[in-house]
Each structure stands twice: as structure tokens, then as C-alpha cells.
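Have a look at the structure below before the remarks.
The figures that follow rest on heavy atoms only: side chains count, while hydrogens, waters and symmetry mates do not.
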Amino acid sequence: MAIRITKVYTRTGDSGETSLVGGARVPKDSLRIESYGTIDELNATLGLVRAHNLARGAGPVTERVERELQIVQQALFDLGSELACLPEDLVDGMPRVGAEDIDHLEACMDAWTPELPPLKSFILPGGGPVHAHLHLARTVCRRAERVVLALSRAEAVRSEALRYLNRLSDFLFVLGRWVGMQYGEPEFLWQSGLAKGPSKAARKRK
């Protein structure tokens, strides 16, 4: 598909409306705009993950993460383009996420999970820049899924779109754990009953 952008600003959105791919005008706070806008936010967050990953320098882990995130970003762009169309404006041949994309995410998780220690508690975001930003991407993905689900209650949305986002959040979680292990970074676990104030020793010193 040939794309040529010669001018970024158009002044057509100054009144709070924007055009969908098929030309329909909708408010910028509509669920459809919120849906593909959140997909765009997720894509930008993954761009941040890639930047932190590449900053570590060349290596097999860096290259694997870079390759997989490139694949995901391309799929998310396709999904955003689909959501930017009203159902009646979708055309044959438009790139869309499908079963093969979901299968790929599952295959990656199936390959990484056996290498990881079993979880005995919930994970707190952190551990290192790549791992922490993958957690951030995971939460944005969950929000994108919620918004697209809300849209699906009002307008037609393919089930593959929701399935992909649901699987992608799991993928980002597993990838974060795998990356942290490969880079030798700590994995912070939730601890039930952890003291919420100064310790007894600290209180005695006052």
C-alpha cells in the first residue's frame, strides 16, 4: 500500500470531530476513536520498550525481543486501521489481525514459559527498564481491550480483535518475565502483610 503524507495539520479537527478512514465524521471522544487511540498509545509504549531493549547492545536476547516487538507493532497498526473504519467501510484485502497472529503469540509463550520459574505470588512491575516498560505496555493493552470490548457492545467488532488483545497482554507479561531472567534482573513479588508504616524499631528511635 502506497502512503504519501505531504501535510500533517489539516484544521478539520478544530471543532472536536475527526474523519474515519471511510470519510465519516465522528466526535474525537467517541468509543471508536478511543479504541484506536488506545491502540496507538500501546504501540508507542512498545516503541519505548524497543528503545530500552536496543540500548543494551547487540545480542541474541536483544535481537529476539526486537524481532517479536516489531511483529506486534505491525499487527497493532493493522488493528488500529481496522478500528478506524466503520464496519460498512471495511474493504477486502485490508490487513487485519487473525488466527495466525494469535497463534504466533501463543507459540512464543509456549516456548518461553518452560524456561521460567513457577510463580508463587503476584509480580510487581519493575526489575529493569525493559521488564518494567513491558509491564506498562501490558496495562495499556488491558485498557485497550476494555475499550474495544465497550465498542463491540455498540458496533460490530471482529472477535479476532478482542482475542488478539487478550492474548497480547499475556504475551507481554510472559515476555517481561523471560527478558528479566535473560538479563539477570530481579523479579519483585507481592508480599502479603508487608508493613505499611515505619517499623517497630524505627518508631522506638523517635
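R67 has no carboxylate O lying under 4.0 Å from a charged side-chain N of E63, or vice versa, which leaves the two without a salt bridge.
Here F171 and W112 bring their ring centres to under 6.0 angstrom of each other.
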Run the numbers on V147 and L151 for side-chain contact (heavy atoms from CB on, under 4.5 Å), then give the verdict.
-> CA-CA 6 Å; V147 177; L151 175 64; 5.7 Å; no
E106 and R167: salt bridge (charged side-chain N to carboxylate O under 4.0 Å, His left out), yes or no, with the steps?
-> CA-CA 7 Å; E106 292 180 349; R167 208 68 82 253; 2.6 Å; yes
Applying side-chain contact (heavy atoms from CB on, under 4.5 Å), run through C108 and L175 and close with a yes or a no.
-> CA-CA 9 Å; C108 289; L175 176 58; over 6 Å; no
Start with the C-alpha distance between N53 and L69, add both sets of side-chain angles, then the distance that settles side-chain contact (heavy atoms from CB on, under 4.5 Å), and finish with yes or no.
-> CA-CA 10 Å; N53 180 60; L69 292 183; 5.7 Å; no
Quick one: do D101 and R163 satisfy salt bridge (charged side-chain N to carboxylate O under 4.0 Å, His left out)? Show the steps, please.
-> CA-CA 10 Å; D101 300 293; R163 287 176 56 214; over 6 Å; no
Run the numbers on R56 and E185 for salt bridge (charged side-chain N to carboxylate O under 4.0 Å, His left out), then give the verdict.
-> CA-CA 13 Å; R56 296 190 62 95; E185 296 171 344; 3.5 Å; yes
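Side-chain atoms of S159 and Y164 include no donor-acceptor pair closer than 3.5 Å. The closest side-chain donor-acceptor pair between Q74 and Q70, if any, does not fall under 3.5 angstrom.
In this structure, the side chain of R96 does not engage the main chain of R158 through any donor-acceptor pair within 3.5 Å. Looking only at distances, no side-chain donor or acceptor of T62 sits under 3.5 Å from a matching main-chain atom of A58. Listed for the R32 side chain is no donor-acceptor partner under 3.5 Å among the backbone atoms of E155. The backbone N or O of N43 lies less than 3.5 Å from a partner atom in the side chain of Q73, making a donor-acceptor pair.
For the pair V72/L172, no side-chain contact is recorded, criterion being any heavy-atom separation below 4.5 Å from C-beta on. Contact check for Q182 versus P60: no side-chain heavy atoms found under the 4.5 Å cut-off. Considering only heavy atoms from C-beta on, I39 comes within 4.5 Å of L165 through its side chain. Taking 4.5 Å as the limit, some side-chain heavy atom of F173 sits within range of a side-chain heavy atom of I123.
For the residue pair V65 and W178, the shortest heavy atom distance occurs at CG2-CZ3, 4.3 Å. Heavy atoms only, all atoms of each residue included: D170 and R142 are closest at OD1-NH2, 3.4 Å.
In the hydrophobic cluster analysis, where Ile, Leu, Val, Met, Phe, Trp and Tyr join through side-chain heavy atoms closer than 4.5 angstrom, V61 is grouped together with V174. Note: the hydrophobic cluster containing L149 also contains V157 (ILVMFWY, side chain heavy atoms under 4.5 Å, direct or indirect links). With hydrophobic clusters built from ILVMFWY side chains whose heavy atoms lie under 4.5 angstrom apart, L83 shares a cluster with L162. With hydrophobic clusters built from ILVMFWY side chains whose heavy atoms lie under 4.5 angstrom apart, L48 does not share a cluster with L168. Linking ILVMFWY side-chain heavy atoms closer than 4.5 Å, directly or via other members, places Y183 and L46 in a single hydrophobic cluster.
Between the CD1 atom of I71 and the CG atom of L76 there is a distance of 12.0 Å, given to the nearest 0.5 Å. One distance of note links CZ of R50 with CD of E68; it measures 12.0 Å at 0.5 Å rounding. In this structure, CG in D40 is found 11.5 Å from CD1 in I33, a value given to the nearest 0.5 Å. Rounded to the nearest 0.5 angstrom, C141 SG and E41 CD are separated by 11.5 Å.
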Under 3.5 Å, which donor-acceptor pairs do the side chains of residues 127-139 form with other protein atoms, sequence neighbours left out?
residue	atom	partner	partner atom	Å
H131	ND1	G126	O	3.4
H131	NE2	H135	NE2	3.3
H131	NE2	G176	O	3.4
H133	ND1	P129	O	2.7
H135	ND1	R138	NE	3.4
H135	ND1	R138	NH2	3.2
T139	OG1	L136	O	2.7

